[in-house]
Amino acid sequence: MAAFRLATSGVADDTQIHTHLCYSEFGEVIGAIDALDADVTSIEASRSKMEILDDLAAIGYGRGVGPGVWDIHSPRVPSRDEVVEALRRAVAAVPARRLWVNPDCGLKTRGYPEVEASLRHLVAAAAEVRGS
């Protein structure tokens, strides 16, 4: 935690700090993650079927969160409907104003055609859930 705080201590107050947590028992470390004081934490959530949302709701997590809605380790492109379903579940646990839409992790394991199709579905699903 000290290293994270040191690395982020020199930024302007209006700089939004994001962090990412891959494949963990998030519920067991949620207090430490909250103590990092990051504005937004993105977390793996698609493989676990968004179960992290229960932990977030249970403790009343008050920061921004981006539960991954697309498993980037699979070549399968998620449908817009799948992403809508994941986002609706997320909005039930985290207020929409604090919710970020993103894949589980970086995109380095995927090719351009599947990334482009998946991201189009993420954008369309976010627009639908937001009511745009």
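Everything quoted here is computed from the prediction, not taken from an experiment.
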For [X] versus [Y], what's the shortest heavy-atom pair and its separation?
| X | Y | result |
| --- | --- | --- |
| P67 | A90 | CG-CB, 4.2 Å |
| L36 | R5 | O-NE, 3.3 Å |
| S42 | N102 | OG-OD1, 3.8 Å |
| H121 | P78 | ND1-O, 2.5 Å |

* Does the side-chain contact (heavy atoms from CB on, under 4.5 Å) test come out yes or no for T41 and R63, once each step is laid out? -> CA-CA 8 Å; T41 299; R63 301 184 189 283; 5.8 Å; no
Tell me every residue that passes side-chain hydrogen bond (donor to acceptor under 3.5 Å, both in side chains) with [X], counting only those two or more places apart in sequence or in another chain.
| X | value |
| --- | --- |
| H20 | none |
| E82 | R76, S79 |
| S46 | D104 |
| D54 | none |

* Go through the steps to decide whether V29 and L21 satisfy the test side-chain contact (heavy atoms from CB on, under 4.5 Å), and finish with yes or no. => CA-CA 10 Å; V29 296; L21 191 65; 4.3 Å; yes
Supply the atom-to-atom distance [X] [atom1] to [Y] [atom2], rounded to the nearest 0.5 angstrom.
| X | Y | atom1 | atom2 | result |
| --- | --- | --- | --- | --- |
| S9 | I17 | OG | CD1 | 8.5 Å |
| L56 | L99 | CG | CG | 10.0 Å |
| R47 | S74 | CZ | OG | 8.0 Å |
| E85 | M50 | CD | CE | 9.5 Å |
| T109 | D71 | OG1 | CG | 8.5 Å |

* In the hydrophobic clustering (ILVMFWY, side-chain contacts below 4.5 Å, transitive), which residues join V40, or is it alone? ->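 Traced through the cluster, V40 reaches W100.
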Are the side chain of [X] and the backbone of [Y] linked by a donor-acceptor contact shorter than 3.5 Å?
| X | Y | answer |
| --- | --- | --- |
| R89 | K49 | yes |
| D39 | H18 | no |
| R120 | R80 | no |

* Asked: What salt bridge (charged side-chain N to carboxylate O under 4.0 Å, His left out) pairs are there with at least one residue in residues 90-99, not counting sequence neighbours?
  ->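 Output for this query is empty, none listed.
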Is there a path from [X] to [Y] through hydrophobic residues (I, L, V, M, F, W, Y) whose side chains come within less than 4.5 Å of each other?
| X | Y | result |
| --- | --- | --- |
| L119 | V101 | yes |
| I72 | V77 | no |
| V83 | V123 | no |

Any side-chain heavy-atom pair of [X] and [Y] under 4.5 Å:
| X | Y | value |
| --- | --- | --- |
| E116 | R110 | no |
| D34 | I59 | no |
| D55 | E28 | no |
| W70 | V115 | yes |

* To do: Under the side-chain contact (heavy atoms from CB on, under 4.5 Å) rule, what do L87 and L122 come out as? Steps first, then yes or no, please.
  => CA-CA 9 Å; L87 290 176; L122 265 66; over 6 Å; no
